[in-house]
*Asks:* 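Below you will find the structure I want to go over with you.
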Amino acid sequence: MSEANQIQSLKILVVDDDELMLDQVSLTLDKLGIDEVALMSNGADALAAVKNGGRFDVVFLDLNMPEMDGIEVMRKLAEYEYAGSVALFSAEDFRILKTAESLAGAHDLNILGTLSKPVTVNSVIDLFSRFNNHLPKQASKPVEKFTREQVLAAIEANQIQPYYQPKVRATDHKLVSAEVLARWIVPNGEIITPSAFIPVAEESGIIDRLTTALFEQAMTAFGQWLQSGLAFSLGFNISADNLDRVDFPEKLSNIASQYGVQPRQIELEVTESRLMENLTTCLDVLTRLRLKGFGLSIDDFGTGYSSMAQLNQVPFTELKIDRAFVQGARVDPAALAILEASVELAKKLDMTVVAEGVEDEFESEMVNRLGCDIIQGYFIARPMPAEDFERWARNHFKDN
Ligand code: C2E
Ligand code: CA
Ligand code: CA
């Protein structure tokens, strides 16, 4: 296929709240002979189209939209495992654009580049040709999603298991905690990561069963480790959807106590963006979890725009800075600024600060210098099955 034909066969979705802009872009794409173009004036419609199986090769996305902004749209696209590319309309503010780009990178979205307004035929050709090698050969296939029944069967068969990733002190890399990360271990040996089944469990109302099953397994192992003299705490991810069950705090503390674990030895990690969508309903359960002694950690911080007032409403004990900012800070002054501001905010609210996604020595030293208390990432260790983690921890304490 010639390059022109390849461009002409692309399926494109344009999302912008400005109708004039939609008209203008559609006219431009039309001039290029691209005729499969969908125009949407808000993020919700665009996401519904993708979710309902709409196949697009490129989404042209405006960052600055009133109801749901482009950053939120990108986050959701990643959640739906959108496999095409994204092109961003460049905002007036270069820093926002840069941050959006690094965020997209962290979510494994493929950013084709940016287009400045008004969009011209040449700028579109330029965008496509610069990245010609990355052009999809055909419309991306809809991602294979597991069904509720498949996930449920996996839970019942104990195929969803905890992996453990060390969280270590930033100054001397001493183990302070381990984060539990769910893995679906298929009998054929395949290991499926959470993004393929957690959203299904959330949407189909079975996240409570998944959370409880995983928590039981984690407590079994953790209780034994504590008893054998290993000393660290455990980070455990909960979904915002777990927080509308009023008996959730009792349920968790009962399970923990069955295995000789105190709530204060556990940090419950909740993702910032999902939480802030439902803050009022979650607040009651969060507060009671804290009263029972659980630590509360706000996860992926920086991606959900909580205000200081909102943050202060929830008795968080820990703040985890999203890896987009940790990894972006080296090259991007805006990411660095967000990182610094997050550390300062956390300190003011008396929270422990964790830097996520630390992948090399440079990042490790940088976040330590900036005042992060704890680091987590491939630089220290990848998430491991229980036996491997236990070996890692024993070796670690022998040497420390
Ligand atoms: P998260 O809570 O932000 O977990 C950190 C993710 O970053 C994990 O991905 C981890 O494997 C990955 N990671 C750790 N260090 C590095 C690094 O240095 N570089 C890079 N690139 N990645 C790193 P994972 O295990 O795929 O989990 C993805 C998300 O799924 C988690 O993000 C969490 O939000 C969710 N999740 C995982 N387990 C559970 C669970 O049991 N319950 C709930 N509700 N959500 C879970
Ligand atoms: Ca987490
Ligand atoms: Ca995180």
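Values below: all heavy atoms of this structure, side chains included; hydrogens, waters and symmetry mates excluded.
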*Asks:* Drop me the distance from Leu319's CG to Asp350's CG, to the nearest 0.5 angstrom.
*Replies:* 12.5 Å

*Asks:* Can Phe325 and Phe301 be said to form a side chain to side chain contact (heavy atoms under 4.5 Å, CB included), step by step?
*Replies:* CA-CA 9 Å; Phe325 304 106; Phe301 190 76; over 6 Å; no

*Asks:* What residues join Leu20 in its hydrophobic cluster, counting side-chain heavy atom gaps under 4.5 Å, either direct or through other members?
*Replies:*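 Joined to Leu20, directly or through intermediates: none.
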
*Asks:* Ignoring hydrogens, what is the shortest heavy-atom contact between Leu175 and Pro166? Give both atom names and the distance.
*Replies:*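 Shortest heavy-atom separation between Leu175 and Pro166 comes out as CD1-CB, 3.7 Å.
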
*Asks:* Apply the side chain to side chain contact (heavy atoms under 4.5 Å, CB included) test between Asn242 and each candidate in Asn237, Val270, Thr211, Leu252; give the one that qualifies.
*Replies:*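 Going through the options one by one, the only one that passes is Thr211.
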
*Asks:* Please report the C-alpha distance between Ile266 and Met219 in whole Å, then the side-chain angles of each, then the deciding distance to 0.1 Å, and finally whether the side chain to side chain contact (heavy atoms under 4.5 Å, CB included) criterion is met.
*Replies:* CA-CA 10 Å; Ile266 300 168; Met219 286 303 106; 3.7 Å; yes

*Asks:* Do Phe316 and Thr352 come within less than 4.5 Å of each other through their side chains, counting heavy atoms only?
*Replies:* no

*Asks:* For a quick check under 3.5 Å, do Gln376 and Gln165 share a side-chain donor-acceptor pair by atom type?
*Replies:* yes

*Asks:* Looking at CG of Leu336 and CD1 of Ile338, how far apart are the two atoms once the value is rounded to the nearest 0.5 Å?
*Replies:*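 If we round to the nearest 0.5 Å, Leu336:CG and Ile338:CD1 are 10.0 Å apart.
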
*Asks:* Would the distance check show the side chain of Gln161 and the main-chain N or O of Asn158 forming a donor-acceptor pair, the cut-off being under 3.5 Å?
*Replies:*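 Indeed, once roles are kept as given, a pair shorter than 3.5 Å links the two residues.
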
*Asks:* Answer yes if Ile238 and Leu214 sit in the same cluster of Ile, Leu, Val, Met, Phe, Trp and Tyr residues linked by side chain heavy atoms under 4.5 Å apart, and no otherwise.
*Replies:* yes

*Asks:* Is there a side-chain contact between Asp62 and Met65, using heavy atoms and a 4.5 Å cut-off?
*Replies:* yes

*Asks:* Is there a chain of hydrophobic side chains (I, L, V, M, F, W, Y, each step under 4.5 Å between heavy atoms) that links Phe362 to Leu339?
*Replies:* yes

*Asks:* Are the charged groups of Glu272 and Lys320 less than 4.0 angstrom apart, N to O?
*Replies:*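 Salt bridge between Glu272 and Lys320, a charged N being under 4.0 Å from a carboxylate O: no.
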
*Asks:* Does a donor on one side chain and an acceptor on the other come within less than 3.5 Å for Glu359 and Gln327?
*Replies:* yes

*Asks:* Is the Phe146-Trp184 ring centre distance short of 6.0 angstrom?
*Replies:*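 They qualify: ring centres under 6.0 Å apart.
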
*Asks:* Decide yes or no for Met276 and Leu279: does some side-chain heavy atom of the first lie under 4.5 Å from some side-chain heavy atom of the second?
*Replies:* yes

*Asks:* Donor-acceptor check, side chain of Arg382 to backbone of Gly377, threshold 3.5 angstrom: yes or no?
*Replies:*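 Between the backbone of Gly377 and the side chain of Arg382 there is no qualifying donor-acceptor contact (under 3.5 Å).
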
*Asks:* Below 4.5 Å, heavy atoms only, C-beta onward: do Val86 and Val58 meet side chain to side chain?
*Replies:*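 No. Closest side-chain heavy atoms not under 4.5 Å.
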
*Asks:* Using side-chain heavy atoms (C-beta onward) and a distance below 4.5 Å, is Leu370 in contact with Asn368?
*Replies:*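 SC-SC contact between Leu370 and Asn368 ruled out.
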
*Asks:* Regarding Asp299 and Thr271, is there a side-chain donor-to-acceptor distance under 3.5 Å anywhere?
*Replies:* no

*Asks:* Nearest 0.5 Å, please: how far is CG in Asn110 from CG in Leu77?
*Replies:*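 That separation rounds to 12.0 Å.
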
*Asks:* Please enumerate all residues that pass side-chain contact (heavy atoms from CB on, under 4.5 Å) together with Ser364, with sequence neighbours excluded.
*Replies:* His173, Val358, Ile375, Phe379

*Asks:* For residues 26-42, pull every pair meeting side-chain hydrogen bond (donor to acceptor under 3.5 Å, both in side chains), keeping only residues two or more places apart or in separate chains.
*Replies:* Asn42-Asp45

*Asks:* Among Glu365, Glu361, Glu363, whose salt bridge (Lys or Arg N to Asp or Glu O under 4.0 Å) with Arg330 holds?
*Replies:* Glu363

*Asks:* Do Leu181 and Phe197 sit in the same hydrophobic cluster, where Ile, Leu, Val, Met, Phe, Trp and Tyr count as joined when their side-chain heavy atoms come under 4.5 Å apart?
*Replies:*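 No; tracing contacts between hydrophobic side chains, which count when under 4.5 Å, never links both residues.
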
*Asks:* Determine, using the 4.5 Å side-chain heavy-atom cutoff (strictly less than), whether Val119 and Leu27 are members of one ILVMFWY cluster.
*Replies:* no

*Asks:* For the pair Glu203 and Arg148, find out whether any cationic side-chain nitrogen is under 4.0 Å from an anionic carboxylate oxygen.
*Replies:*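 So Glu203 does not pair with Arg148 through a salt bridge.
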
*Asks:* Would Ser177 and Glu267 count as having a side-chain donor-acceptor pair, cut-off 3.5 Å?
*Replies:*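 Checked: Ser177/Glu267 side chains pair up, N/O donor to acceptor below 3.5 Å.
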
*Asks:* Run the ring pair (Phe, Tyr, Trp, His ring centres under 6.0 Å) test against Phe248 and tell me which residues pass, sequence neighbours left out.
*Replies:* none

*Asks:* Charged N to carboxylate O under 4.0 angstrom, Asp322 versus Arg75?
*Replies:*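 No.
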
*Asks:* Going by heavy atoms in the side chains, are Val124 and Leu32 under 4.5 Å from each other?
*Replies:*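 Sidechains of Leu32 and Val124: in contact.
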
*Asks:* Sequence neighbours excluded, which residues qualify as salt bridge (Lys or Arg N to Asp or Glu O under 4.0 Å) partners of Asp23?
*Replies:* none

*Asks:* For a quick check under 3.5 Å, do Ser233 and Arg264 share a side-chain donor-acceptor pair by atom type?
*Replies:*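 Per modelled atom types, Ser233 and Arg264 side chains form no pair under 3.5 Å.
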
*Asks:* Each residue besides Val354 in its hydrophobic cluster should be listed here, by chain and number; the cluster joins Ile, Leu, Val, Met, Phe, Trp and Tyr at side-chain heavy-atom distances under 4.5 Å.
*Replies:* Val176, Ile374

*Asks:* Looking at residues at least two apart in the chain, or sitting in another chain, which of them share a salt bridge (Lys or Arg N to Asp or Glu O under 4.0 Å) with Asp399?
*Replies:*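 Per chain and number, Asp399 pairs via salt bridge (Lys or Arg N to Asp or Glu O under 4.0 Å) with no residue.
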
*Asks:* Would you compute the distance between atom CG of Asp18 and atom CD of Gln24 and round it to the nearest 0.5 angstrom?
*Replies:*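 Rounded to the nearest 0.5 Å, the CG-CD separation comes to 9.5 Å.
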
*Asks:* Quick test of your reading of the model: are Glu79 and Lys51 salt-bridged, counting only N-O distances below 4.0 Å?
*Replies:* no

*Asks:* Among residues at least two apart in sequence or on other chains, which ones pass side-chain contact (heavy atoms from CB on, under 4.5 Å) with Thr120?
*Replies:* Asn122, Ser123

*Asks:* To the nearest 0.5 Å, what is the distance between CG (Asp57) and CD1 (Ile34)?
*Replies:*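 Here the interatomic distance stands at 10.0 Å.
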
*Asks:* Using modelled atom types only, decide if a donor and an acceptor are shared between the side chain of Lys347 and the backbone of Gly371 within a distance under 3.5 Å.
*Replies:*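 Yes: the side chain of Lys347 pairs with the backbone of Gly371.
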
*Asks:* Classify the side-chain pair Ser297/Glu318 by whether it contains a donor and acceptor separated by less than 3.5 Å.
*Replies:* yes

*Asks:* Not counting sequence neighbours, which residues clear ring pair (Phe, Tyr, Trp, His ring centres under 6.0 Å) with Phe236? List them please.
*Replies:*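 Partners of Phe236 under the ring pair (Phe, Tyr, Trp, His ring centres under 6.0 Å) test: Phe215.
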
*Asks:* Can Glu387 and Arg391 be counted as an ion pair, charged N to O under 4.0 angstrom?
*Replies:* no

*Asks:* Would you call Lys348 and Glu344 a salt bridge, taking side-chain N to carboxylate O under 4.0 Å as the test?
*Replies:*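 Counted as a salt bridge, because a side-chain N and a carboxylate O are separated by less than 4.0 Å.
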
*Asks:* Taking only residues two or more places apart in sequence, or in another chain, which ones meet Glu216 in a side chain to side chain donor-acceptor pair (under 3.5 Å)?
*Replies:*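 Glu216 satisfies side chain to side chain donor-acceptor pair (under 3.5 Å) with Tyr259 once adjacent residues are dropped.
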
*Asks:* Going by heavy atoms in the side chains, are Val314 and Arg290 under 4.5 Å from each other?
*Replies:*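 No, side chains not in contact.
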
*Asks:* Nearest 0.5 Å, please: how far is CG in Leu286 from CD in Gln313?
*Replies:* 10.5 Å

*Asks:* Are Asp247 and Arg245 close enough for a salt bridge, meaning some N to O gap below 4.0 Å?
*Replies:*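 Yes.
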
*Asks:* Ring pair (Phe, Tyr, Trp, His ring centres under 6.0 Å) with Phe222: which residues, sequence neighbours excluded?
*Replies:*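 Checked Phe222 against ring pair (Phe, Tyr, Trp, His ring centres under 6.0 Å); matches are Phe232.
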
*Asks:* Checking salt bridge (Lys or Arg N to Asp or Glu O under 4.0 Å) for the pair Glu179/Lys167: CA distance, chi angles, key distance, verdict?
*Replies:* CA-CA 7 Å; Glu179 176 174 6; Lys167 290 161 90 170; 5.8 Å; no

*Asks:* For a quick check under 3.5 Å, do Arg183 and Thr193 share a side-chain donor-acceptor pair by atom type?
*Replies:*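 The answer is no; no qualifying pair exists.
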
*Asks:* Could you work out the complete set of other residues in the hydrophobic cluster of Ile191, with links drawn between I, L, V, M, F, W and Y side chains under 4.5 Å apart?
*Replies:*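 For the cluster that includes Ile191, the remaining residues are Tyr163, Ile185.
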
*Asks:* Quick one: does Phe56's side chain get under 4.5 Å of Ile12's, heavy atoms only?
*Replies:* no

*Asks:* If two hydrophobic side chains count as joined below 4.5 Å and joins carry through other members, does Phe397 share a cluster with Trp392?
*Replies:*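 Yes: a chain of side-chain contacts under 4.5 Å links Phe397 to Trp392.
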
*Asks:* Salt-bridged, Arg274 to Asp241, with N to O below 4.0 Å?
*Replies:* yes

